[in-house]
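In what follows, a structure is listed as structure tokens, so that the remarks can point back to it.
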Amino acid sequence: LLRELNEAGATHPSLRTVCLVGQSVGSRTLDELKAAGFSGVIPLDATPELIVFRVNDLIFSEEVKQRRNLRAPVSITAEVRLGNELVKGMIVSLSKHGLFLKSKQPMEVNRQIELTFTLPPDSRGAGRRLTVPGRVTLVKGKTGPEDIYFGPGMVVIFDNPNTSMLELLDEFVAGELDKL
């Protein structure tokens, strides 16, 4: 149907279309979907984080290309140690240099924290438990409908990550993006 609409000139040139699929598709099927005019593919069992990430990637593709570090949508539980207190949160975006942590207890900007999280078992770096120091660089509250996905939470940049952790996170992010 999409191919026929495109051939008839019935679609707008800036229209982005996404095909929802019930199972993973091979490269041949992906090529056929692209030839039909689809901009991307999202599996039906995708997490809300993956859907928002993929749609943003399609809408803001030029900005994404200019980004210095690749980041992947994830749903990883994390613990933040604040002295003797332990705060839980959910990592929804991860790169080798930092992350976005959804939390009902956002911390103040420039706060030094220590995060502990485990990479998913079906990923590169499967099951590796990481503890990394970081610094809160941005705090977002839930201020409007556009913040349903990202707020409330905070951007955390890793402090002095070692080379092996950078390589592991780089591999992990690349593997997660390959799944897209």
Quiz item: Looking at I76 and L119, what are the two nearest heavy atoms and their distance?
Solution: CD1-CD2, 4.4 Å

Practice problem: Taking all non-hydrogen atoms of both residues into account, name the closest pair between T77 and F117 and its distance. | Solution: O-CB, 3.6 Å

Exercise. Can you see which heavy atom on K102 is nearest to which on V92, and at what distance?
Key: CD-CG1, 3.4 Å

Quiz item: So how far is it from E176 CD to S93 OG, rounded to the nearest 0.5 Å?
Solution: 11.5 Å

Self-check item: Residues which pass side-chain contact (heavy atoms from CB on, under 4.5 Å) with R129, listed by chain and number, not counting sequence neighbours
Solution: E79, T116, T118

Exercise. Could I get the full list of side-chain contact (heavy atoms from CB on, under 4.5 Å) partners for R81, not counting sequence neighbours?
Key: L86, E114

Quiz prompt | Those residues that, when tested against R128, pass salt bridge (Lys or Arg N to Asp or Glu O under 4.0 Å) (two or more places apart) | solution = none

Quiz prompt | Test log, rule side chain to side chain contact (heavy atoms under 4.5 Å, CB included), inputs V74 and L99 | solution = CA-CA 10 Å; V74 294; L99 52 86; over 6 Å; no

Which donor-acceptor pairs under 3.5 Å do side chains of residues 152-166 form with protein atoms, sequence neighbours excluded?
| from | atom 1 | to | atom 2 | distance (Å) |
| --- | --- | --- | --- | --- |
| D159 | OD2 | Q112 | NE2 | 2.4 |
| N162 | OD1 | S164 | N | 3.2 |
| N162 | OD1 | S164 | OG | 2.9 |
| N162 | OD1 | M165 | N | 2.7 |

Exercise. Could you pull out all residues at least two apart from V87 that satisfy side-chain contact (heavy atoms from CB on, under 4.5 Å)?
Key: V80, L82, E85, S103, Q105, M107

Self-check item: For A174, all residues meeting side-chain contact (heavy atoms from CB on, under 4.5 Å), sequence neighbours excluded
Solution: R124

Quiz item: So which heavy atom on A78 is nearest to which on L115, and how close?
Solution: CB-CD2, 4.3 Å

